[in-house]
Amino acid sequence: MTNLEEQRPSWDEYFLMIAKLAATRSTCLAFPVGAVIVKDRQVLATGYNGSPSGSVHCTAQGFCYPGLSSCDASSTLPSRAVHAEANAIAQAAKHGINTNGASIYVTLEPCISCLKLIISAGIKEVFYETDFNKGEKVLVRDAFLKDGLVTLTKITLSEETAKRASLFLLNPTSVARDKVEHLLI
């Protein structure tokens with residue numbers, strides 16, 4: 001058995017797991033996305049993608065627009081979802097939380113609109129799990145990076161950390177360590 005300190009997730013893995021948990025609240029039919037804004041290793045706000053507050057959720061009605069099963073099924077209609085990053089920034093603003101100099105962890109690379117919002121909110125670092133931007137959007141993204149407005153870092157969750165975290169999710173968490181450790185063997 002490895003020492004207990006080696007079993008702890010890295011800070012990046014820890015915050016990515018929180019973003020992944022936030023994504024479980026998504027009400028988007030296309031795909032779930034979660035985000036967490038962090039400063040000084042403290043969570044400031046979380047967000048997930050879904051219909052605007054007070055609006056019927058796509059998951060509740062079973063479609064995004066009448067006759068359209070998912071927002072990504074149309075090339076002309078805009079998505080009904082507020083993106084996870086925008087929701088996290090909105091939550092911080094709603095509660096008077098300063099995001100200047102913060103970082104954001106997202107399960108999906110921010111779209112260009114969200115990247116502009118992130119930059120405008122003073123968030124300096126973006127850590128993401130899955131690539132999103134393609135084609136000409138990469139040129140816009142890369143211009144922001146070249147100007148030093150923000151950094152983007154793709155990160156992954158190790159299989160070992162994910163397995164260990166799943167034990168905490170699937171079993172009572174606050175039990176004696178030896179009762180959890182035997183599950184890892």
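Distance alone, capped at 3.5 Å, places no donor-acceptor pair between the Ser55 side chain and the Ser51 backbone. Between the side chain of Asn49 and the backbone N or O of Cys28 there is no donor-acceptor pair closer than 3.5 Å. Using modelled atom types, one side-chain atom of Asn98 and one backbone atom of Asn100 make a donor-acceptor pair closer than 3.5 Å. The backbone N or O of Cys58 lies less than 3.5 Å from no partner atom in the side chain of Thr27, so there is not a single donor-acceptor pair.
Here His57 contributes atom NE2 and Leu29 contributes atom CG; the two are 11.5 Å apart, rounded to the nearest 0.5 Å. Distance check: His83 NE2 to Cys111 SG gives 5.0 Å after rounding to the nearest 0.5 Å. The NZ atom of Lys163 sits 10.0 Å away from the CG atom of Leu167 when rounded to the nearest 0.5 Å.
Side-chain contact check for Thr161 and Glu13: at least one donor-acceptor pair (N or O, by modelled atom type) lies under 3.5 Å. Side-chain atoms of Glu109 and Thr130 form no donor-acceptor pair, as typed in the model, at a separation below 3.5 Å.
Between Phe31 and Phe132, the ring planes are tilted. Angles from 30° to 60° get that label. A perpendicular orientation is assigned to the rings of Trp11 and Tyr14, their planes being inclined by more than 60° (bins at 30° and 60°).
Nearest heavy-atom pair across Glu125 and Val150 is N-CG2, 4.3 Å. For the pair Gly101 and Lys124, the tightest heavy-atom approach, listed with the atom from each and the gap, is CA-CG, 4.1 Å. Closest of all the heavy-atom pairs between Gly47 and Ala22 is O-CB, 3.7 Å. Taking all atoms of both residues into account, the shortest heavy-atom contact from Leu16 to Leu157 is CD2-N, 4.0 Å. The two residues Arg80 and Cys64 make their nearest non-hydrogen contact at CD-O, 2.8 Å. Across every non-hydrogen atom of Val106 and Val33, the tightest pair is CG1-CG1, 3.9 Å.
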Query - Steps toward side chain to side chain contact (heavy atoms under 4.5 Å, CB included) verdict (Ile18, Val43) - result: CA-CA 9 Å; Ile18 293 172; Val43 173; 4.0 Å; yes

**Report entry** Leu145 and Asp142: CA distance, side-chain angles, deciding distance, side chain to side chain contact (heavy atoms under 4.5 Å, CB included) verdict
**Finding:** CA-CA 5 Å; Leu145 298 176; Asp142 289 352; 3.6 Å; yes

Query - Test side chain to side chain contact (heavy atoms under 4.5 Å, CB included) applied to Val38 and Val36, step by step - result: CA-CA 6 Å; Val38 175; Val36 60; 4.1 Å; yes

Report task. Let me see the working for Glu160 and Arg164 under salt bridge (charged side-chain N to carboxylate O under 4.0 Å, His left out), right down to the final yes or no. Result -> CA-CA 6 Å; Glu160 183 178 319; Arg164 183 164 175 77; over 6 Å; no

Query raised in the report: Hey, mind stepping through Arg141 and Ile112 against side chain to side chain contact (heavy atoms under 4.5 Å, CB included) and telling me if it holds?
Result: CA-CA 7 Å; Arg141 178 200 68 196; Ile112 298 304; 3.9 Å; yes

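Here the rule is side chain to side chain contact (heavy atoms under 4.5 Å, CB included) with Glu129, and of Thr107, Leu108, Thr156 only Thr107 fits it. Just one residue in the list Tyr128, Tyr105, Phe127 forms a ring pair (Phe, Tyr, Trp, His ring centres under 6.0 Å) with Phe15, and that residue is Tyr105.
Tracing side-chain contacts under 4.5 Å through hydrophobic residues (I, L, V, M, F, W, Y), one never reaches Tyr48 starting from Val82; they form parts of separate clusters. Both Leu152 and Ile89 are members of a single hydrophobic cluster when ILVMFWY side chains are connected at heavy-atom separations under 4.5 Å. Cluster membership for Ile37 and Leu115, using ILVMFWY side-chain heavy atoms within less than 4.5 angstrom, is shared. Under the 4.5 Å side-chain heavy-atom criterion for grouping Ile, Leu, Val, Met, Phe, Trp and Tyr, Leu21 is not connected to Met17 through any hydrophobic cluster. Residues Ile119 and Val140 share a hydrophobic cluster, clusters being chains of Ile/Leu/Val/Met/Phe/Trp/Tyr side chains in contact below 4.5 Å.
Counted within 6.0 Å of CG on Asp131, heavy atoms from surrounding residues, nucleotides or ligands total more than 12; the atom is thus considered enclosed. Heavy-atom contacts from other residues, nucleotides or ligands closer than 6.0 Å to OH of Tyr65 number more than 12.
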